[in-house]
Amino acid sequence: MTDHQAPTPKTIAVLGTGKIGEALLSGMIRGGRRPADLLVTARRTERAEELRTRYGVESVTNAEAAKRADTLILTVKPQDMAKLLEELSPHLPTGPSPLIISGAAGIPTSFFEERLAPNTPVVRVMTNTPALVDEAMSVISAGSHATPTDLAHAEDIFGGVGKTLRVPESQQDAATALSGSGPAYFYFLVEAMTDAGILLGLPRAQAHDLIVQAAIGAAVMLRDSGEHPVKLREAVTSPAGTTINAIRELENHGVRAALISALEAARNRSRELASGTG
């Protein structure tokens, strides 16, 4: 890695402040950062005004953010990233480069390094929507010019909305499939189980509440017990009981294999996005 000589970041700009960007903004303020040290950009004027009113931060243009911020957090959609970099590049300082943190799925750090000044530090982060309730899992990887200080700074920002994990960038596509898209799989499972509860005679609201609480309880036990999921499952699975009969049907219908195939498909799509073939 190349040493990054910029001073400790003080001014942070969130560009394209949608739901995830706002969650990060809120998390940084709760974590003690002053609104005066935070900048936001938004495509719509009314959205920018909403953020300014709600958080007391300054709304600026992308060009102004490039000129003033020590750290730029890019939260725009992947298909809009090239245009944003083209807009930012002429306005970035000619001295020490600001830290670029990308939250775009499938876009490698090399994409940014090729379009920005030499030695620009880039950190790639894949977070997920539970950032909205401070339960995100954010997976962080360093570009070729990012330093340990840059990584720690990214961890500090994303740690305000959940947990963080450093991985080599070569593992980002797998992390995207498993964690970035992960909440959707659980929502899909809850939806299916709720429908099953209705089929079995329960009102929808009751079926939903039963499944959601079961999911929360199971997640907390997985997190806090330290036990392997197989052991926790076996504790619920009595000989010739209801649970083992249900699990037999899941295995008969290839649910385990379907999940593996689904994750592989998500990983492959992330690779396509990274290569530009998507």
Side-chain angles (χ1 to χ4, degrees), residues 20 23 27 30-31 105 124-141 151-152 154-200 202 204-268 270:
I20 295 294
R30 289 195 308 277
R124 177 178 172 183
V125 182
M126 171 49 60
T127 192
N128 55 21
T129 55
L132 300 171
V133 293
D134 293 347
E135 290 291 350
M137 185 72 243
S138 300
V139 183
I140 297 175
S141 301
L151 285 172
E155 286 175 329
D156 183 55
I157 292 171
F158 284 84
V161 294
K163 293 188 175 182
T164 63
L165 177 69
R166 293 189 194 186
V167 302
E169 189 170 10
S170 60
Q171 295 178 3
Q172 274 282 355
D173 294 322
T176 297
L178 197 64
S179 179
S181 301
Y185 314 145
F186 286 96
Y187 301 146
F188 183 86
L189 181 62
V190 168
E191 179 188 1
M193 293 177 73
T194 300
D195 287 344
I198 295 169
L199 178 66
L200 297 176
L202 292 169
R204 176 174 292 277
Q206 289 185 5
H208 174 82
D209 288 348
L210 288 169
I211 294 304
V212 169
Q213 187 56 40
I216 292 170
V220 171
M221 289 185 70
L222 279 167
R223 183 192 65 191
D224 295 348
S225 70
E227 297 285 0
H228 193 282
V230 169
K231 189 170 183 178
L232 292 174
R233 177 178 62 78
E234 288 176 347
V236 188
T237 310
S238 304
T242 58
T243 306
I244 191 61
N245 275 273
I247 289 173
R248 179 187 64 183
E249 289 302 310
L250 292 173
E251 295 289 9
N252 286 343
H253 286 81
V255 171
R256 188 188 303 266
L259 284 170
I260 293 172
S261 295
L263 289 165
E264 286 182 328
R267 187 273 317 274
N268 293 343
S270 184

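Residue numbers start at 1 and run along the sequence shown.
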- To the nearest 0.5 Å, what is the distance between CZ (F158) and CD1 (I20)? 9.0 Å
- Name all pairs fulfilling the salt bridge (charged side-chain N to carboxylate O under 4.0 Å, His left out) condition that reach into residues 173-185, sequence neighbours left out, sorted by first residue then second. R124-D173
- Query: Which pairs pass salt bridge (charged side-chain N to carboxylate O under 4.0 Å, His left out) with one or both residues in residues 204-219, sequence neighbours excluded?
  - Reply: D195-R204
- Just how far is it from atom CD1 of I247 to atom OG1 of T242, taken to the nearest 0.5 Å? 9.5 Å
- Looking only at atom types and distance, does a side-chain atom of S225 sit under 3.5 Å from a main-chain N or O of M221, one as donor and one as acceptor? yes
- Message: List the residues meeting side chain to side chain contact (heavy atoms under 4.5 Å, CB included) with A105, not counting sequence neighbours, and say none if there are none.
- Response: M126
- Determine the minimum heavy-atom distance between V161 and A23, stating which atoms define it. CG1-O, 3.3 Å
- Task: Nearest 0.5 Å please: distance from the CD1 atom of I211 over to the OG1 atom of T194.
- Result: 6.0 Å
- Message: Once rounded to the nearest 0.5 Å, what's the spacing between atom CD1 of I157 and atom OG1 of T127?
- Response: 12.0 Å
- Query: Would you find a donor on one side and an acceptor on the other, under 3.5 Å apart, between the side chain of N268 and the backbone of E264?
  - Reply: yes
- Closest heavy-atom contact between N128 and S179? ND2-O, 3.1 Å
- Let me know which of E169, Q172, Q171 forms a side-chain hydrogen bond (donor to acceptor under 3.5 Å, both in side chains) with S141. Q172
- salt bridge (charged side-chain N to carboxylate O under 4.0 Å, His left out): pairs with one or both residues in residues 178-190, sequence neighbours excluded: none
Give the table of side-chain donor-acceptor pairs shorter than 3.5 Å for residues 227-240, with sequence neighbours excluded, one pair per line with atom names and distance.
| unit_1 | atom_1 | unit_2 | atom_2 | d |
| --- | --- | --- | --- | --- |
| H228 | ND1 | V230 | N | 3.0 |
| T237 | OG1 | R233 | O | 2.7 |

- Over all heavy atoms of both residues, which pair between A207 and L202 is shortest? Give the atoms and the distance, please. CB-CB, 4.3 Å
- Item | Summary of salt bridge (charged side-chain N to carboxylate O under 4.0 Å, His left out) pairs that have at least one residue in residues 242-263, sequence neighbours excluded | E251-R256
- Main-chain N/O of A177 paired to S181 side chain as donor or acceptor, under 3.5 Å: no
- Separation between NZ of K163 and CD of E155, rounded to the nearest 0.5 Å: 13.5 Å
